[in-house]
Structure formats: structure tokens, C-alpha cells
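Numbering of residues begins at 1 and proceeds along the displayed sequence.
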Amino acid sequence: MSTKCNFRLLTFVGAALIAMSLSSCERSSQPTITDVSGKKTPVATEAESPSATSSPELTRIRSDSDWFDDVTESTGIVFTYRNGAKGNQFTILETVGGGVGIFDFDCDRQQDVFCVGGGTIDPRTATPSGLPCHLFHNTGDFKFKDVTVSGHISVDTDYSHGCVAGDIDNDGFPDLFVTCYGHSCLMLNCGDGTFIDMTNSASLTDESWSTAAAFGDADGDGLTDLYVTSYTDWSPEDHTPCGNSIVQTIDVCPPQNYNPLPDRLYRNQGNGKFQEVSEEMGIRNDGMGLGVLATDINQDGRIDFFVANDAVANRLYLNSEGHSFIETAEFAGVAYNEGGSPEGSMGIDAEDIDGDGLCELWVTNFEMEDNSLFQNQGNGLFQHATAAFGLAGQSRINVGFGTGLHDLDGDSWIDVYVLNGHVLYNNGFTSFRQPAFVFRNLDGRKFVDVTGSSGTWFHVPHSARGGAVGDLDGNGMLDLIISSINEPTAVLRNQLPAKNWIRLQLVGRQSSRFPVGAQVTVEAFGHKCVRLAKSGSGFLSQSDSRILFAIEPERAEVDVEVAWPSGKHETFRARVTATDHVLIEDSGAD
């Protein structure tokens, strides 16, 4: 717990802008930055987000028919992610933002909340420093207690971005990995309500810029491995803001101004240590990773990885019998947009959205780029389906970050939410704060925009980044927690009436204890409902890992089919009692 995760700082800026020359405008009332030619450019001086105007007043009051009620003030979750904009250095580091985690750290069957802290940026040197993360314990009735300072968890990290939970020692208690600029942190859950920092002892000593991460058993040995994405080689020593001579302001430079950093795959050696095996396992070193998803994408019983890259092609790594990975994104049709160009991809997820039993892939993108829905055609092939499902143009002018594919209304079909916020303070096509969206799935055929009835939080623009989804009050409906830059973390309670439901916690034996890559199928509402056990979904965040199914009100029992990562297939007969069921590998019917 005493080890400090020291790291430098970086940020990302999206994908579609080129670097621009610094302005020569000089205003005596503002501080300036001088470029190599001696010209000076004014620097924004607002305390938090430069040129980010205050949010407008709500256009409507809360309605009991809204999907989500903003209950932040009553929950006890008081936290704000800081990106260091107050330093007025306009670094790419401060564009990435941070995530939030929903997981049951003490195994009391109530989902707790972890908030990533971010950091500060020195106004003279652009050197980043970390701010503390916070852990909130769920005490019931939608109330949370901050247990950070009571010694539950070491949160003194470098400038932090993301979090992911997984069970690295198969003891049943979720461990936590926090990604940072510099030294990321692995926190081992001791099972007594406390964590210890085991980063150095686990040989996770990389000090580059890490963004997203995902857990999963990559080699099939029953131990949970770790995939970590990296962004660019920005450093405070080489930092110079970019400018715009037209609007006479400086701003963040695009990622194309920097070199990519290699992603890293770490093999769990089973003795508390990890070994980097990226090169030998076929992981490329030329991405600008901001998202990574671990699950079984091609239904062969092995963990695959889908990586969302900024400004360069996305990657799809299919597992070759646990010995290596084959990168197939271009062949599969998920590397580029429909025009064959790379996009600025950030958020990421996968689920079966059309009811055919195959998982679709979904990524959020930069402004003037549609978010991408890749429909699974089978045989390792995908087809662009953003327009076909009614999502083209819906959020095109915004910069998409946090997202998730979840059944938010309890009708058995997978819906989607999208969080937006610009990375440029002054020079984007749209403002720094942007609206978020919720889209409802109509019977697997198309999505419709239901943002207007989704609650007051969705009617004010935000600088949103990470979002996590989970049932925080145990009523069978999924709630949202959202992390925005320099804004209070928001807690949104799902107000839709709970129907009949069943929720499953999978426990592996031959598979790793939390069996990322498992596929669960239930027949409900006249169609097959397929859900995935996955890690890394969303943007820099950890959602509730339990698998929730809506069931018809008259049903008393259902058959639950589980395809485990070990290759074993089992069927469990479960009573529909609007509660949790624990399904243990090797205890069902073959």
C-alpha cells in the first residue's frame, strides 16, 4: 500500500485535425506563450477548462417517466475527475479524461464504486502529477460511503486514466488495475476489505503512457492475463501547444504530432508475477490505443482482443489456440470506416444486438465521423451497419467517448448510450461540452433516439468521458455512473419499472474464476438472448460483471446455457426469482 506509482503524463486529442501554427496575437491582459520565432500567443486563464462556457440551464424538469434520475447529491458520492487544464499548458494528456468502476470489492453482493482521480499539470514545465482515486462502499438504499482514507485501498497514483477489475489469483475477490501516464498500478484485493499495491512485485514496471486495460485468460491456463493499451510518446520535455491563426488561440496538438507506443500483453505466471509476452504473442507495436475489449468474438472458446485506436487502424486479435494472436481487423472489416480510412476511435463494446447469436462490435469516434457498428456476419467477417440500424448522423458532430451495449429498459434487447465531449478547448467544430445520447433497440431491427426522455442529466452538455453500468440498488434495472472532466461524477438511477429478471454470476473452475469469454444464452420474449462475459468494455471503465436477463412476467423457470472458455458447455435450470444466481462450472448438465 505504500508504493507510489510514479509516472509522467500524456493526453489524447482525437483523430481528425492537423497541427496548426501559433498565433502572433498579443494581449497585454493575458499570459502568453512564445514560440521559436518570438511570436506570442494568448493563453486561456479560466480555472478549469479553457474556453469551456458554463452549462446552460436545464430545458426541462425531471419527470417520473424519465429513464434516469440524477440522484448524485443524495448518494454520498462526491468526486470530480481533474485533468490539469488549470495549468494552461494545453497538453494532449489532459484530453483523455478518466473512467469509473462498478464492482463488488468486498463480496457483500452490493456493487461498489471506484473513481479514477486524474491529475494536475505544472503551469511552467507541463509536468504531470497524480491526484488520488477514491473508493466508495455501497451501504444499501443507494447510499455510499467513501472508504478511501480508512486504509482500504492505495490511491496515491501518478496521473491516472482508467480502471479494470479482475481476479488475478482466483480467490474470488476482484483485484484492480489503474492505468496512468507513467507507472500504472495493480492493487491486490486481500479479501478483508483492503488492497495492497503489488505493481512492482508483479513485475509491471512499464512507465510509458497507458490508457485502457482488459483482463482475460489469453493462453487458456486458467489464470487471468492482462492487456494494456498505450497512446503516444508525448512528454513534458518536448511539449509545445498548437495554435490557430484564424481564431488566434492556442490549443491541444493532435495525436498525429507524436509517435505511437506499443500495447502490452502480460502473462500471469501464477506466482504473483506477470511476464510481458506482447511480441511473441503477435501484438503489434504501432497503435494509439484508447480502448480494448476482451471476450470470445468468434465463438471458438478462446479470448480475443478488439482494440480501438486513435487516428490509426483498429486491431482485432483472434486467439490461435492460446499460443499467439492473429491480427485480422482489415480482413474482418473492422479496421476502418466505410470509406477505408482510419478513425479516431475511443469507446468500445460488443454484444448481440440483432438476436442472431453473434456478437456485434461497436466503437465511438471523433467529430465528423459516425460511431461504428460492425454487424457480425459469421466466419470472422463484419459489415458496417451504422446506417442500417439508424445510428448514422445521430452523433456525428460530437466526439464520442464512454459507451456501452446494455439492456437499459429491461425488454431483452440491447440498447446503447454514448457520452460525448470535445478534446479541443477552442478550435473544434462544436463546443468543449457536448450532449450525451441514449438509443433504444427496437426488436433487433434499429435504434431510436430516446435521449429526450432519458433524464435531466442528458439535457445539459458535459465534457463526459468514462461511464460504468450496473445495478446499484439490486432491483434488476441498470443504473449509470458517469465521469466527466472537471465536473462532479454523476450517479443516474434507472427509474423504469423492474420486470421479471434473472441475474447470473459465473464462477469458473477449469476456466479462470471470472471466466471472461464465456457466452450465456437464455430464451426469452420469443428469441434467443445472448450475453457475453467480457472485460474492458466502455471507455477506461469497469461495469458490473454480472449478467442480467429480462424474462417474461409469467415465466417461473428458464434454461441457461453457458459456453465456458474451457470449452465446456453446460445447461442450468434456474428459477426466475428476481435475484442473483451463482453458476459454477462443472455443476450444470452437459
Side-chain angles (χ1 to χ4, degrees), residues 1 71-81 98-117 132-155 157 160 162-169 171-179 185-197 213 215 402 404 406 466-483 488-494 503 505-507 513-514 535-538 540-548 579-580 582:
M1 294 175 63
V71 297
T72 307
E73 290 187 2
S74 64
T75 63
I77 294 179
V78 180
F79 189 81
T80 298
Y81 179 92
V100 64
I102 296 178
F103 64 103
D104 181 9
F105 83 87
D106 56 353
C107 295
D108 65 352
R109 298 192 177 185
Q110 297 191 108
Q111 297 296 297
D112 308 302
V113 174
F114 181 81
C115 295
V116 178
C133 306
H134 279 242
L135 178 65
F136 295 90
H137 180 235
N138 190 336
T139 60
D141 195 27
F142 240 88
K143 305 293 183 185
F144 295 82
K145 179 182 178 181
D146 190 336
V147 296
T148 309
V149 296
S150 59
H152 284 76
I153 189 167
S154 172
V155 293
T157 70
S160 52
C163 63
V164 63
D167 190 355
I168 66 168
D169 54 1
D171 67 349
F173 289 90
D175 309 302
L176 189 67
F177 186 73
V178 180
T179 61
C185 298
L186 178 63
M187 301 179 187
L188 183 71
N189 193 328
C190 298
D192 59 359
T194 66
F195 292 76
I196 59 172
D197 185 340
F215 282 117
H406 304 271
V469 177
D471 184 1
L472 298 176
D473 53 359
N475 70 346
M477 299 300 291
L478 295 174
D479 311 299
L480 283 170
I481 298 186
I482 298 169
S483 174
T489 297
V491 185
L492 308 182
R493 187 173 193 170
N494 195 327
R503 184 166 45 220
Q505 180 177 343
L506 304 182
V507 177
R513 181 155 183 141
F514 174 49
S535 178
S537 60
L540 308 178
S541 299
Q542 171 70 49
S543 290
D544 188 346
S545 62
R546 299 171 299 176
I547 297 176
L548 180 67
T579 188
D580 292 343
V582 178

Q) Are any of the side-chain heavy atoms of Asp146 and Val78 separated by less than 4.5 Å? A) no

(Q) Looking at every non-hydrogen atom in both residues, tell me the closest pair between Phe103 and Ala165 and how far apart they are. (A) CG-CB, 4.0 Å

Q: Find out whether Val116 and Leu540 are in side-chain contact, i.e. whether some heavy atom of one side chain is under 4.5 Å from a heavy atom of the other.
A: no

Q | Listed partners of Thr75 passing side chain to side chain donor-acceptor pair (under 3.5 Å), at least two apart | A | none

Q) If you look at every heavy atom in Asp197 and Cys185, which pair is closest and at what distance? A) OD2-SG, 4.4 Å

Q | Spacing of OG belonging to Ser74 relative to NZ belonging to Lys143, to within rounding of 0.5 Å | A | 4.5 Å

**Q.** Straight-line distance of Leu472 CG to Asp112 CG, nearest 0.5 Å
**A.** 9.5 Å

Q. Do side-chain atoms of Ser483 reach the backbone of Val100 as a donor and acceptor pair under 3.5 angstrom?
A. no

Q.
Could you report the tightest heavy-atom contact between Gln110 and Thr139, atom names first, then the distance?
A. NE2-C, 4.1 Å

Q) Hey, are the side chains of Val113 and Ile481 touching, using non-hydrogen atoms and a 4.5 Å cut-off? A) yes

Q. With distance as the sole test, does Asp175 use its side chain to make a donor-acceptor pair with the main-chain N or O of Ile168 at under 3.5 Å?
A. yes

Q. Atom CD in Gln505, atom CG in Asp104: separation rounded to 0.5 Å?
A. 8.0 Å

Q | Taking every non-hydrogen atom, the tightest pair across Gln111 and Asn138 | A | O-ND2, 2.9 Å

Q | Sub-4.5 Å side-chain heavy-atom contact between Phe114 and Phe105 | A | no

Q) Is the closest side-chain heavy-atom distance between Leu176 and Gln542 below 4.5 Å? A) no

Q. Would you say Cys133 and Ser160 make side-chain contact, with heavy atoms under 4.5 Å?
A. yes

Q.
What's the separation between atom CG in Leu480 and atom CD1 in Ile102, rounded to the nearest 0.5 Å?
A. 7.5 Å

Q: Please assess Leu478 against Leu548 for the test side-chain contact (heavy atoms from CB on, under 4.5 Å), listing each intermediate value before the final yes or no.
A: CA-CA 9 Å; Leu478 295 174; Leu548 180 67; 3.9 Å; yes

Q: First locate atom NZ of Lys145, then atom CZ of Phe136, and finally report the distance between them rounded to the nearest 0.5 Å.
A: 12.5 Å

**Q.** side chain to side chain contact (heavy atoms under 4.5 Å, CB included) against Arg109, all qualifying residues, sequence neighbours excluded
**A.** none

Q: Not counting sequence neighbours, which residues clear side chain to side chain contact (heavy atoms under 4.5 Å, CB included) with Arg493? List them please.
A: Val71, Phe142, Asp473, Asp479

Q: Examine distances only and state if a side-chain atom of Ser543 and a backbone atom of Val469 form a donor-acceptor pair shorter than 3.5 Å.
A: yes

**Q.** Heavy-atom side-chain proximity of Pro174 to Asp167 below 4.5 angstrom
**A.** no

Q.
The criterion is ring pair (Phe, Tyr, Trp, His ring centres under 6.0 Å); which residues satisfy it with Phe144, sequence neighbours excluded?
A. none

Q) Among all residues two or more places apart in sequence or in another chain, which pass the side chain to side chain donor-acceptor pair (under 3.5 Å) test with Arg546? A) Asp544, Asp580

(Q) Testing the basics here: between Asn475 and Asn494, what is the closest heavy-atom pair and its distance to 0.1 Å? (A) ND2-O, 4.5 Å

Q. Under the side chain to side chain contact (heavy atoms under 4.5 Å, CB included) test, which residues partner Phe173, sequence neighbours left out?
A. Cys107, Asp171, Asn189

Q: Indicate the atoms forming the closest heavy-atom contact of Cys190 with Ile196, along with that distance.
A: SG-CG2, 3.7 Å

Q. Would a 4.5 Å heavy-atom cut-off, applied to side chains only, mark Phe195 and Leu135 as touching?
A. yes

**Q.** Spacing of Arg503 atom CZ and Thr579 atom OG1 [to the nearest 0.5 Å]
**A.** 7.5 Å

